Amino acid sequence: MLTSDDLAFFSVLTTSKSLAESARKLNVTPPAVTQRLRALEEKVGVRLIDRSGRHLRLTEEGSLVASHSVIVSDAIDSLTEALADRKGAVRGHLRVAAPHGFGRIYVAPVVEAFAREHRGATATLQLSDHPTALIVDSYEVVVHIGASAHLDQVVTTLAPNDRILCASPEYLASAAPISTPADLARHRCLVVRENEEDVTLWRFKGSRQESATVRVNPVMSSNDGAVIRDWALAGQGVMMRSEWAVAEDLADGRLRQVLPNWKLPSADIVAILGSRHGRSARTAAFLTMLRQSLKPLPWSADAAEKPGQ
């Protein structure tokens with residue numbers, strides 16, 4: 001009879017390209033994986049994985065076992081979480097996804113603090129150029145910047161975040177004046193292509209609530225916001241970036257805000273919660289710690305003036 005350990009072992013195999021990769025995930029030797037797989041196949045009496053090619057391929061029976069492994073694993077996880085939640089215990093494996101830049105600077109320290117405070121839990125942080133493109137239900141928390149397309153998921157706001165138009169003093173001194181959004185069509189513009197947004201269509205709202213839209217023709221683009229920032233600091237043009245990413249540069253005078261009387265759409269920091277784990281004790285504990293780390297906003301002028309910030 002198959003055990004839950006058998007199914008957990010087989011689940012690792014189904015998410016690996018080779019037995020060697022499975023061995024690394026399980027922290028055992030490849031021969032040990034081969035021996036255990038052979039014993040599992042002898043137990044069920046059928047071949048579960050075709051190992052004749054370069055990559056592992058499930059047989060029809062292997063696919064059946066894999067699908068039931070997911071069902072059983074989910075049921076065990078749900079039962080474990082339910083029992084832990086009744087005791088208020090923070091246990092199990094926390095899975096978090098976040099954008100590279102924000103995740104490295106602001107989310108990673110909170111994941112580390114969470115693991116230190118809750119010894120009964122483990123944690124994984126997946127940094128991605130586009131975290132919402134990942135399977136949301138594979139993660140308890142997906143940190144996202146801006147409006148979310150996952151309308152069927154629970155979304156909670158973590159912190160406000162404005163978008164700011166800015167450029168280096170050197171670029172602004174040598175380029176034509178920028179008095180209205182329409183002037184941007186004649187300027188060198190830099191864009192970040194990090195999600196599914198139309199990043200070359202810049203929308204503005206004036207002080208009297210008038211709207212303006214400009215289609216820019218970027219001279220340089222990248223999927224890495226840090227690269228765009230470096231180009232802007234080097235005087236390559238005008239960029240639109242999140243306040244969290246440029247607040248220090250603006251405060252120190254390395255960048256200057258462009259069109260300060262015209263507001264860009266905000267891009268609040270939000271958390272998208274996986275439907276299975278959105279109410280678990282570990283998710284609630286992590287979200288509490290993450291919110292606390294963002295109050296006051298670490299990139300705001302008020303926070304910068306406080307000792308120890």
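A quick note: this is a predicted structure, and the numbers were derived from the prediction, not measured.
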For [X], give me all partners under side-chain contact (heavy atoms from CB on, under 4.5 Å), at least two apart in sequence or on another chain.
X	value
A226	D224
R203	L201, T213, P265
D5	T3, R36
E170	S168

**Request:** Check side-chain hydrogen bond (donor to acceptor under 3.5 Å, both in side chains) between R186 and all other residues, then give those that pass, not counting sequence neighbours.
**Result:** D183
**side-chain hydrogen bond (donor to acceptor under 3.5 Å, both in side chains) partners for R229, two or more places apart** = D249
Hey, is the main chain of [Y] close enough, under 3.5 Å, to the side chain of [X] for a donor-acceptor pair?
X	Y	value
T14	A66	no
W202	V199	yes
R256	G253	no
D268	T157	no

**Asked** Name the one of R95, H93, R282 that satisfies side-chain hydrogen bond (donor to acceptor under 3.5 Å, both in side chains) with T122?
**Response** H93
**Complete:** Residues A212 and W262: closest non-hydrogen pair is CB-CZ3, 3.8 Å
**Request:** For the residue pair Q236 and R188, confirm or rule out a side-chain donor-acceptor distance under 3.5 Å.
**Result:** yes
**Item:** S4 side chain to D6 side chain, donor-acceptor N/O pair below 3.5 angstrom
**Value:** no
**Request:** State the OG-CZ distance between S242 and F102, to the nearest 0.5 angstrom.
**Result:** 9.0 Å
**Fill in**
dist R208:CZ -> N261:CG (nearest 0.5 Å) comes out at 10.5 Å
Throw together a table of side-chain donor-acceptor distances under 3.5 angstrom for residues 284-291, partners on residues two or more places apart or in other chains.
unit_1 : atom_1 : unit_2 : atom_2 : d
T288   : OG1    : A284   : O      : 2.9
R291   : NH2    : T156   : OG1    : 2.4

**side chain to side chain contact (heavy atoms under 4.5 Å, CB included), paired with I164, selected from V258, L250, L259, L255** = L250
**Message:** Please list all pairs meeting side-chain hydrogen bond (donor to acceptor under 3.5 Å, both in side chains) that have one or both residues in residues 98-107, counting only residues at least two apart or in different chains.
**Reply:** none
Just to verify, what does [X] make a salt bridge (charged side-chain N to carboxylate O under 4.0 Å, His left out) with, not counting sequence neighbours?
X	value
D162	K263
D230	none
E21	K25
R47	none

**Request:** Is it possible for you to say whether V12 and L64 belong to one hydrophobic cluster, with membership spreading through side-chain heavy-atom contacts below 4.5 Å?
**Result:** no
